[in-house]
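Contents: one structure, followed by commentary.
The structure displayed is predicted, hence computed values, not measured ones. Here, residue 1 is the first one in the sequence, and each next residue gets the next number.
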Amino acid sequence: FAANDAEIFLQASLQAQKLGVDAVDLNLGCPQRRARAGNYGAWLASDPDKWGLIAEMIRKCFSSAALRIPITCKIRLQESLDDTLALSKLLE
């Protein structure tokens with residue numbers, strides 16, 4: 001599934017949990033045109049103004065008592081080392 005909304009991401013993660021998955025990977029490295037059109041994947045992560053949305057998606061899942069599986073994040077290198085480190089720290 002793909003998401004760029006915290007509530008949708010949480011609900012999709014809960015559904016995945018019901019199906020028996022071990023974890024959900026928030027793929028912020030997907031550079032496909034489809035991801036660009038939907039504003040998710042690498043396109044979401046490439047805009048520092050949208051990093052708050054990514055953090056909100058992670059926080060919402062982390063704070064849900066119903067979600068018991070881990071959320072991991074895969075990222076691409078950003079435009080600079082500083083940006084890459086900032087995004088990584090935001091996702092910790």
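Crowding of Phe1 atom CZ: a count of heavy atoms from other residues, nucleotides or ligands under 6.0 Å exceeding 12.
Considering Ile75, Leu44, Ile54, Leu91 as possible partners of Leu26, the one that fulfils the side chain to side chain contact (heavy atoms under 4.5 Å, CB included) test is Ile54. Paired with Phe9 under the rule side chain to side chain contact (heavy atoms under 4.5 Å, CB included), one option of Leu53, Leu14, Ile71 passes, and it is Ile71.
Tyr40 shares a hydrophobic cluster with no other residue; no ILVMFWY side chain has heavy atoms under 4.5 Å from its own. Apart from Leu85 itself, the hydrophobic cluster it occupies contains Leu81, where clustering links Ile, Leu, Val, Met, Phe, Trp and Tyr at side-chain heavy-atom distances under 4.5 Å.
By the side-chain hydrogen bond (donor to acceptor under 3.5 Å, both in side chains) test, Asp5 pairs with no residue at all, sequence neighbours left out. In this view, Trp43 and Ala35, Arg36, Ser46 satisfy the side chain to side chain contact (heavy atoms under 4.5 Å, CB included) rule, not counting sequence neighbours.
Sequence neighbours left out, the pairs with a member in residues 14-33 that pass side-chain hydrogen bond (donor to acceptor under 3.5 Å, both in side chains) are Asp25-Thr72. The salt bridge (Lys or Arg N to Asp or Glu O under 4.0 Å) pairs that include a residue from residues 6-16 are Glu7-Lys60, where partners are two or more places apart or lie in different chains.
The two atoms that bring Asn4 and Gly38 nearest to each other are ND2-O, 2.9 Å, heavy atoms only.
Going from atom CZ of Arg59 over to atom CG of Leu10 covers 13.5 Å, rounded to the nearest 0.5 Å.
Phe62 is not connected to Ile69 by any chain of hydrophobic side-chain contacts under 4.5 Å among Ile, Leu, Val, Met, Phe, Trp and Tyr, and they are in different clusters.
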Open item on the list: Let's go through Asn39 and Lys50 carefully: what are the C-alpha distance in whole Å and the side-chain angles of both, what is the deciding distance for side-chain hydrogen bond (donor to acceptor under 3.5 Å, both in side chains) to 0.1 Å, and is it a yes or a no?
Closed with: CA-CA 10 Å; Asn39 194 34; Lys50 295 183 180 165; 3.2 Å; yes
